[in-house]
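Okay, so here's the structure we're looking at.
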Amino acid sequence: MVQIRLTNTRTRRKEDFQPIDPTNLRLYLCGPTVYDRAHLGNARPVLVFDVLVRLLHHVYGREAVTYVRNFTDVDDKINAEAQRRKAAGSALSLEALVAERSDETIAWYHADMDALGAMRPHIRGEVTPVAEPRATAYIAQMIQMNLDLIARGHAYEAEGHVLFDVRSFPDYGKLSGRSVDDMIAGARVEVAPFKRDPMDFVLWKPSDDELPGWDSPWGRGRPGWHIECSAMSAALLGPSFDIHGGGIDLQFPHHENEIAQSCCAHPAEGFARYWLHNEMLQVEGKKMSKSLGNFFTVRDLLDRGVPGEVIRFVMLSTHYRKPMDWTEAKAAEAEAVLRRWRGLVAGIEPATSPAPALVEALADDLNTAGAFAVLHDLAARGDAAGLLASARMLGLLLPEMSEWYEDAKSTEWIAGSLSVEPLVRLLVQKLAEARKAKDFATADAIRADLTGIGITLSYDPDGGITYKREQQADLSQVSAIAAKHGISAT
RNA sequence: GGUGGGUUGGCGGAGAGGUUACGCACCGGAUUGCAAAUCCGUGAAGACCGGUUCGAUUCCGGUACCCACCUCCA
């Protein structure tokens with residue numbers, strides 16, 4: 001059996017992965033807060049985990065893997081949207097409006113992640129909504145966990161809040177390498193007066209009548225963010241499980257707090273054994289932010305015609321623990337490579353198993369960049385069946401993601417360009433006739449004009465011509481070009 | 001201020017104490033009416049300063065620069 005090695009943030013070392021139970025692997029990935037479309041950065045941990053899960057499937061079998069990813073649907077931004085709809089005259093209750101907003105955001109999220117070829121979370125291999133818990137469905141478990149923490153002396157009630165007592169957990173700060181005293185020194189937040197220690201964090205907070213809330217021993221309120229993941233992972237995976245993942249920005253405070261809550265509520269258990277954190281995504285060398293104007297969602301890219309498979313390729317071409325930069329140049333390069341590979345594997349059945357070198361690369365702390373080198377090698381040797389089987393382990397060259405390639409190959413035009421398509425066809429026809437008559441001057445002139453506006457073409461061996469519209473094609477000039485070459489629009 | 005990560009050839013991006021990473025681009029060649037595509041091939045690197053070593057881009061220390069987190073952003 002292949003030995004998987006993973007960099008465990010908890011120990012800051014690359015370690016052999018030893019499952020608690022090889023027939024029942026359990027993974028938890030912090031999912032999105034469902035207030036809006038997922039931005040590009042949200043996709044990174046999902047794709048990293050997707051490759052990890054595919055690798056685990058390969059090594060341990062699909063039915064041995066349980067992969068849980070939550071939806072955080074308790075959030076001020078969701079509440080704000082619900083309140084806006086209420087104010088706009090909706091007859092629904094606030095709770096129903098919150099659910100409505102969450103539902104539509106979750107549907108978007110599914111569509112976007114599906115487009116990237118990311119597998120849905122699953123329990124022992126079986127895709128089910130249970131593997132994607134919503135925080136609002138686990139409020140009772142959160143309340144119970146808070147009660148346990150209070151009973152064990154790790155939490156206290158103050159003015160309708162329940163707070164975690166960080167001084168009661170000596171290991172607090174271990175994951176992120178900070179001491180409580182360091183954190184206080186660097187803290188820039190105003191400290192609520194009812195906290196025993198400035199770093200104590202909220203497990204439960206009160207809700208007023210304007211906000212969604214649930215009845216609890218501490219009055220009507222809602223859970224703190226961190227307790228949600230502790231309660232849901234315990235409910236679905238048990239108090240000890242194998243791998244917990246997320247972006248490096250969640251290391252502190254979110255994951256630190258999860259550890260504190262879960263380890264104090266279940267002192268005999270180890271909680272997550274391996275912690276995986278991916279580095280952040282940048283755009284053209286800068287942090288993605290709304291103020292810089294370089295903020296965009298996965299859907300924005302898809303709508304602009306960047307295939308999901310290309311996004312996936314770019315994301316995986318950088319190791320997950322390094323900052324990665326999204327650039328147009330990378331997307332173009334990825335598309336060219338994918339196009340070549342798809343041409344190579346067309347009509348080919350995949351080999352029965354991926355190349356051992358590829359599995360080895362992935363087993364070595366998910367070295368996806370190294371895995372690409374293996375794919376390039378297979379392609380260079382003309383091993384199409386091996387390339388296909390291996391690429392699919394990375395979630396590439398999957399049949400369900402081939403649409404963009406098929407469209408380009410069949411020179412199909414998107415709806416907006418239908419009106420000029422007949423003209424282009426006539427121009428190409430004229431070009432073909434000119435070539436046949438060895439009138440290369442005319443042929444080259446037509447080709448140059450079409451290339452100039454972003455319609456590229458290539459000559460097939462049989463004398464036919466394949467043409468396609470590039471991303472930035474300027475179709476407004478087509479009729480002028482047609483007129484120039486003696487073709488009139490009718 | 002605290003914590004963590006990074007700096008590799010024109011660009012992107014890995015591994016490894018000594019032996020070609022790989023891809024894109026470039027250049028040369030094959031093919032082509034010319035292109036495109038494809039195929040073959042060459043060249044090119046490891047921030048700076050010290051240390052350990054027979055030997056370091058790879059280990060250790062320092063310096064510079066970049067980034068992230070410390071604010072319920074993956």
Side-chain angles (χ1 to χ4, degrees), chain A residues 9 12 29-33 35-36 38-49 69 72 74-77 173 175-179 181-190 199 201-202 205 223-229 245-254 256-257 277-282 285-290 295 313-314 317-325 327 329-330 332-334 336-337 339-340 343-344 360-361 364-365 367-377 379-380 382 435 438-441 443-444 447-448 451 456-461 465-468:
Chain A
T9 314
R12 294 173 215 301
L29 177 64
C30 285
T33 302
Y35 63 91
D36 205 351
H39 67 248
L40 190 59
N42 288 300
R44 197 171 184 195
V46 173
L47 291 175
V48 168
F49 244 59
R69 183 179 65 208
T72 297
V74 179
D75 177 78
D76 287 343
K77 292 190 195 104
L175 178 73
S176 52
R178 310 154 201 247
S179 72
D181 294 321
D182 285 346
M183 290 184 245
I184 294 167
R188 292 182 231 147
V189 206
E190 220 172 292
M199 294 317 294
F201 56 89
V202 169
K205 57 190 166 191
W225 176 37
H226 315 296
I227 197 70
E228 298 176 10
C229 284
I248 189 72
D249 56 334
L250 292 186
Q251 186 185 35
F252 186 88
H254 184 53
E256 197 73 71
N257 293 354
H277 289 106
N278 60 275
E279 257 295 346
M280 308 306 277
L281 177 116
Q282 294 180 296
K286 292 191 173 125
K287 180 181 174 167
M288 189 158 84
S289 74
K290 285 179 178 167
F295 182 97
F313 188 111
V314 171
S317 61
T318 299
H319 188 90
Y320 76 92
R321 284 191 304 107
K322 287 209 170 173
M324 101 135 249
D325 199 15
T327 63
K330 280 186 182 178
E333 191 178 320
V337 171
R339 184 162 277 140
R340 195 183 326 136
L344 197 60
E360 248 171 71
D364 181 13
D365 200 24
N367 184 2
T368 47
F372 277 117
V374 177
L375 296 183
H376 283 297
D377 181 56
R435 281 189 74 223
K438 299 219 183 294
D439 176 8
F440 295 124
D444 291 355
R447 184 178 66 195
T451 304
T456 57
L457 37 85
S458 59
Y459 303 149
D460 304 334
I465 297 177
T466 303
Y467 56 96
K468 89 171 198 269

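- Distance CE (Met199(A)) to C1' (U71(B)): 11 Å, rounded to an integer number of Å.
- In this structure, CD1 of Ile465(A) is placed 16 Å from P of C34(B), rounded to the nearest angstrom.
- Checked for salt-bridge contact, Asp365(A) and Arg321(A) meet the test: a charged N lies under 4.0 Å from a carboxylate O.
- Partners of Tyr459(A) according to the ring-ring contact (aromatic ring centres under 6.0 Å, His included) rule, which considers only residues two or more places apart in sequence or in another chain, do not exist here.
- In this structure His39(A) satisfies the ring-ring contact (aromatic ring centres under 6.0 Å, His included) test together with Phe295(A), sequence neighbours excluded.
- Looking at residues two or more places apart in sequence or on another chain, you find no salt bridge (Lys or Arg N to Asp or Glu O under 4.0 Å) involving Arg435(A).
- G23(B) has no stacking from Phe372(A) on its base ring, since the centres under 5.5 angstrom apart and planes within 30 degrees of parallel are not both found.
- Base contact: Leu457(A) has a heavy atom under 4.0 Å from a base atom.
- Look at the P atom in both A68(B) and U38(B): the space between them is 37 Å, to the nearest Å.
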Using a cut-off of under 3.5 Å, enumerate the N/O to N/O pairs linking the protein to nucleotides 9-13 of chain B.
from: G12(B); atom 1: O3'; to: Lys330(A); atom 2: NZ; distance (Å): 3.3
from: G13(B); atom 1: OP1; to: Thr318(A); atom 2: OG1; distance (Å): 3.4
from: G13(B); atom 1: OP1; to: Lys330(A); atom 2: NZ; distance (Å): 3.2

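- For Asp75(A), there are no salt bridge (Lys or Arg N to Asp or Glu O under 4.0 Å) partners at least two apart in sequence or on another chain.
- Spacing between atom NE2 of His376(A) and atom C1' of C24(B) amounts to 9 Å, rounded to whole angstrom units.
- Partners of Asn278(A) according to the side chain to side chain donor-acceptor pair (under 3.5 Å) rule, which considers only residues two or more places apart in sequence or in another chain, do not exist here.
- With sequence neighbours excluded, no residue forms a side chain to side chain donor-acceptor pair (under 3.5 Å) with Arg44(A).
- For the ring-ring contact (aromatic ring centres under 6.0 Å, His included) test, residues two or more places apart in sequence or in another chain that qualify with Phe372(A) are Phe313(A).
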Can you check nucleotides 37-45 of chain B for protein contacts, nitrogen or oxygen pairs under 3.5 Å, and list what you find?
from: U38(B); atom 1: OP1; to: Arg340(A); atom 2: NE; distance (Å): 3.1

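- Nucleotide G15(B) carries an anti base; the chi torsion (O4'-C1'-N9-C4 or O4'-C1'-N1-C2) is more than 90° from 0.
- For G33(B), its base sits under 3.5 Å from the side chain of Arg435(A) at one donor and acceptor pair at least.
- The CZ atom of Phe201(A) sits 16 Å away from the C1' atom of U71(B) (whole-angstrom rounding).
- Among residues two or more places apart in sequence or in another chain, the side chain to side chain donor-acceptor pair (under 3.5 Å) test is passed with Asn367(A) by none.
- RNA chain B forms stems at B:1-7 with B:64-70, B:10-12 with B:22-24, B:27-30 with B:38-41, B:47-51 with B:59-63, each a run of 3 or more consecutive Watson-Crick or G-U wobble pairs whose two key distances fall under 3.5 Å.
- Checked against side chain to side chain donor-acceptor pair (under 3.5 Å), Asp249(A) has no partners two or more places apart in sequence or in another chain.
- Among the protein residues, Asp444(A) comes within range of the nucleic acid bases, having at least one heavy atom under 4.0 Å from a base atom.
- Residue contacts shown for Gly246(A) are limited to sugar-phosphate atoms, with no base heavy atom under 4.0 Å away.
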